[in-house]
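Chain letters run A, B, ... following the sequence lines, proteins first and then strands; every chain starts at 1.
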Protein chains: 2
Amino acid sequence: MSTEPVSSSTRPATIHDVARESGFAASTVSRALSNPGRVNVQTREKILAIARALNYTPNSQARALTSGQTRSIAVLVSDITNPFYFGLIRGTQQQLKAANYLQMLVDTAESSDSEAATIDSLRRSADGAILTASRLSDQQLVSLSERMPLVAINRHVPGIPAVIIDTPFGIDQALDHLASLGHRRITYVSGPDMSWSNERRWQRLEKTAQKLGVQPVRTREYAPSLASGAAAAEAMINSESTACVVFNDLIAIGMLERFRERGVRVPEDISVVGCDDIFGASFCNPPLTTLTAPIERAGRMAVSMLLSRLEAGPDSPPPPPMLLPTHLTVRKSTGPARQR
Amino acid sequence: MSTEPVSSSTRPATIHDVARESGFAASTVSRALSNPGRVNVQTREKILAIARALNYTPNSQARALTSGQTRSIAVLVSDITNPFYFGLIRGTQQQLKAANYLQMLVDTAESSDSEAATIDSLRRSADGAILTASRLSDQQLVSLSERMPLVAINRHVPGIPAVIIDTPFGIDQALDHLASLGHRRITYVSGPDMSWSNERRWQRLEKTAQKLGVQPVRTREYAPSLASGAAAAEAMINSESTACVVFNDLIAIGMLERFRERGVRVPEDISVVGCDDIFGASFCNPPLTTLTAPIERAGRMAVSMLLSRLEAGPDSPPPPPMLLPTHLTVRKSTGPARQR
DNA sequence: AAACTTTCAGCAACCGTTTGCCAAAAATTG
DNA sequence: CAATTTTTGGCAAACGGTTGCTGAAAGTTT
């Protein structure tokens with residue numbers, strides 16, 4: 001028995017400390033802790049007792065070195081500032097925690113090259129990554145996915161596992177709703193040109209609108225922020241449309257504010273439909289009619305997908321993209337078309 | 001020169017691959033990459049070129065093993081669901097990124113023992129931790145801080161570095177504001193009994209109210225969620241008070257909704273002051289008068305504090321708690337007291 | 001009781017990097 | 001040109017675990 005005090009201020013106990021203290025070899029300690037059947041019950045108990053007494057915690061770095069597994073997953077978001085990600089992060093965190101994984105949250109804010117570089121440097125610290133609204137090219141994504149297991153959210157590239165929130169499906173419902181309220185000219189308030197979702201939403205809107213005999217119009221691009229809602233609102237005021245479908249709730253809520261300042265009544269003068277149903281959409285003024293996306297669920301799904309991918313090995317066939325349905329939540333920002 | 005194809009699908013290149021390919025020893029490669037002066041310029045360039053060609057990324061696990069540094073920081077939040085943390089996470093992420101650290105985001109949701117256990121298991125994966133609204137006892141916190149560098153947010157325990165948002169300071173402003181509007185009986189809508197901030201807010205409110213000749217009243221505890229705002233609103237309706245200061249914006253916004261449903265006008269019938277100024281406080285209905293907290297800044301500060309603590313070494317004297325001022329942001333949820 | 005199995009613990013190599021120490025080579029000095 | 005100093009690169013030992021292999025001890029089968 002060593003006579004050294006078990007000071008809590010010294011550096012953490014290693015497996016060797018436990019070995020020395022217990023009189024067994026390090027390898028035996030290792031097995032006692034992680035491979036119970038391989039060791040005598042009594043031996044095991046002695047070792048466990050000592051480990052507990054020493055407050056031993058395995059060093060995950062060292063473990064990762066041999067196992068090649070870090071038990072952590074990187075979650076990359078393009079802009080933490082966007083409330084859309086709140087739900088997503090919540091979802092990934094939940095699921096990762098349940099599977100006993102750690103979440104490394106990374107904001108890629110910058111350009112796409114920095115995004116690629118960031119991921120590369122993460123390649124060794126995480127077992128896999130979840131990418132949201134990636135600015136990477138299809139090409140880059142594919143080459144990246146050869147180097148580390150990936151799941152994309154809201155981005156479809158053949159061969160890359162993905163979770164896709166099927167907003168276009170909801171777009172149809174929104175258009176039905178708007179058309180039945182008598183709107184005949186509907187503006188799509190566009191998000192970033194680079195956004196894959198944005199393009200998809202517009203295309204579906206255009207197509208369905210024509211089917212319904214409604215005239216679709218598209219604005220220039222707006223950054224997804226509360227602030228850019230003001231400009232979007234002005235544009236809307238100057239247009240002929242009586243209703244708009246907005247790229248996301250953030251912009252939509254921003255628009256609502258400006259409308260109020262300008263004395264434009266929603267929904268009497270203009271109807272507004274958002275996308276995503278983020279935190280705030282239910283209590284803004286007026287409460288926003290929006291396409292409710294199962295954001296949290298998307299996060300959870302992405303994690304499950306990634307984790308089962310990790311188990312299956314890199315050579316398993318990539319799973320088909322997972323489509324998550326969206327539905328229209330009617331609140332107070334839509335109403336009968338004004339005659340104009 | 002090796003003839004093996006540089007396949008991107010094989011596992012990542014190690015320092016030994018670079019060594020073999022370049023004809024130098026692994027130690028030389030290591031130095032070329034991280035200790036430039038220690039190696040011949042030409043050697044260095046050759047090595048760098050090869051490293052680049054091989055797409056070499058140092059294995060951070062292995063590096064951590066020798067250096068003892070992981071270059072990542074754990075950020076523990078008690079409930080990711082709370083929008084208050086959004087700003088915080090944003091702040092920590094910003095600052096960590098700038099310092100080239102990774103953020104491990106952890107939700108401790110559960111009980112306090114699980115919180116302690118979680119931290120212990122993280123002890124080896126992170127160089128330090130930032131705790132928010134920790135449910136740990138003073139005792140536990142101190143013993144923990146002996147094992148790993150810690151910064152607490154909104155929690156003061158002697159000897160533990162902390163960033164504290166000085167809401168009590170703002171409480172005075174809120175009370176002044178309310179008193180000058182003629183309110184003579186003010187209810188404090190209480191948050192969780194366990195919350196250190198909650199207790200502080202109430203105590204200050206009680207004291208200042210008495211100084212101003214206003215009668216302070218305290219409700220039972222409410223969970224910090226939109227949903228519990230409904231019950232809080234009911235309680236408020238049944239009270240004699242004409243104004244309330246609410247533990248946080250989340251509850252306050254929930255109350256606003258219920259007031260509207262019940263036909264209670266804000267601020268004509270009841271004035272409401274929130275705390276924190278979270279996302280949503282500016283556009284709820286009516287926009288919320290609240291104590292604006294520099295949440296993001298708190299996150300950034302906490303990181304700076306932790307990082308400089310890491311540099312200074314564990315034996316450096318703990319820095320004094322950092323107090324961040326708060327101010328009243330008057331919006332539309334407060335007005336003259338109704339005679340009742 | 002001999003031969004064979006099974007159980008259990010230890011040895012040693014390995015994972016990918018860093019780093020102290022050493023020695024060969026080059027540069028400088030006398 | 002010898003002696004001394006400086007550069008520069010390699011060897012080998014960590015760091016803290018895991019794991020294949022080995023062999024002693026114990027248990028089982030004839």
Side-chain angles (χ1 to χ4, degrees), chain A residues 10-48 50-51 54-72 120-127 147-148, chain B residues 10-48 50-51 54-72 120-127 147-148:
Chain A
T10 48
R11 60 197 210 341
T14 73
I15 205 171
H16 292 105
D17 297 329
V18 179
R20 184 165 8 87
E21 208 69 12
S22 66
F24 291 98
S27 50
T28 305
V29 175
S30 170
R31 281 189 272 258
L33 293 164
S34 54
N35 199 348
R38 197 58 186 66
V39 110
N40 188 310
V41 189
Q42 297 169 34
T43 307
R44 173 146 188 271
E45 302 215 319
K46 258 183 239 167
I47 291 182
L48 285 190
I50 303 239
L54 256 42
N55 205 336
Y56 169 72
T57 319
N59 181 326
S60 50
Q61 320 294 328
R63 192 174 264 178
L65 207 50
T66 38
S67 71
Q69 308 235 327
T70 61
R71 281 206 97 72
S72 60
D120 249 325
S121 77
L122 249 64
R123 205 167 87 221
R124 313 294 285 273
S125 321
D127 295 345
R147 276 177 279 152
M148 117 181 270
Chain B
T10 49
R11 64 200 208 337
T14 73
I15 206 169
H16 292 106
D17 297 328
V18 179
R20 186 167 3 87
E21 208 67 15
S22 65
F24 291 98
S27 50
T28 305
V29 175
S30 171
R31 281 189 274 257
L33 292 164
S34 53
N35 199 350
R38 193 60 185 62
V39 110
N40 189 312
V41 191
Q42 298 170 31
T43 308
R44 173 147 187 268
E45 302 214 318
K46 257 184 238 164
I47 291 182
L48 286 189
I50 303 236
L54 255 42
N55 204 338
Y56 168 73
T57 321
N59 181 325
S60 50
Q61 319 294 327
R63 191 174 264 180
L65 206 51
T66 39
S67 72
Q69 307 235 329
T70 61
R71 282 207 95 73
S72 61
D120 249 326
S121 77
L122 248 64
R123 205 166 88 220
R124 314 293 285 273
S125 320
D127 294 346
R147 276 178 278 152
M148 117 181 270

Next on the checklist: Does C/dT17 have its OP1 or OP2 closer than 4.0 Å to a side-chain nitrogen or oxygen of B/N59?
Outcome noted: no
Between CD1 of A/I15 and P of D/dG17 the distance, given in whole Å, is 6 Å
In this structure, CZ of A/R44 is separated from CD1 of A/I47 (nearest 0.5 Å) by 9.5 Å
Here the gap from B/T28 atom OG1 to B/N35 atom CG, rounded to the nearest 0.5 Å, amounts to 11.5 Å
*Presence of A/S30 side-chain N/O under 4.0 Å of D/dT19 phosphate oxygens OP1/OP2*: no
Whether the side chain of A/T14 and the base of D/dC15 hold a donor-acceptor pair under 3.5 Å is what I'd like checked.
no
Taken to the nearest whole Å, CZ/A/R124 to P/C/dC15 is 13 Å
In terms of heavy-atom contacts, A/P12 and A/D17 come closest through O-OD2, 4.2 Å
Nearest-nucleotide check on DNA chain D, B/A26 vs B/A62; residue mapping nearer the 5' end is B/A26
Below 3.5 Å, does any donor atom in the side chain of B/R31 face an acceptor in the base of D/dG10, or the other way round? yes
To the nearest angstrom, the CZ-P distance between A/R44 and C/dC8 comes to 12 Å
OP1 or OP2 of C/dC8 sitting under 4.0 Å from any side-chain N/O of A/T43? no
Taking for B/T57 and for B/R38 the nucleotide of DNA chain C with the nearest heavy atom, the one nearer the 5' end belongs to B/T57
- Message: Does D/dG17 have its OP1 or OP2 closer than 4.0 Å to a side-chain nitrogen or oxygen of A/T66?
- Response: no
query: When you measure from the side chain of A/S22 to the backbone N and O of A/A19, does any donor-acceptor pair fall under 3.5 Å?
result: yes
### Any N/O donor-acceptor pair, B/S27 side-chain to D/dC11 base, under 3.5 Å
yes
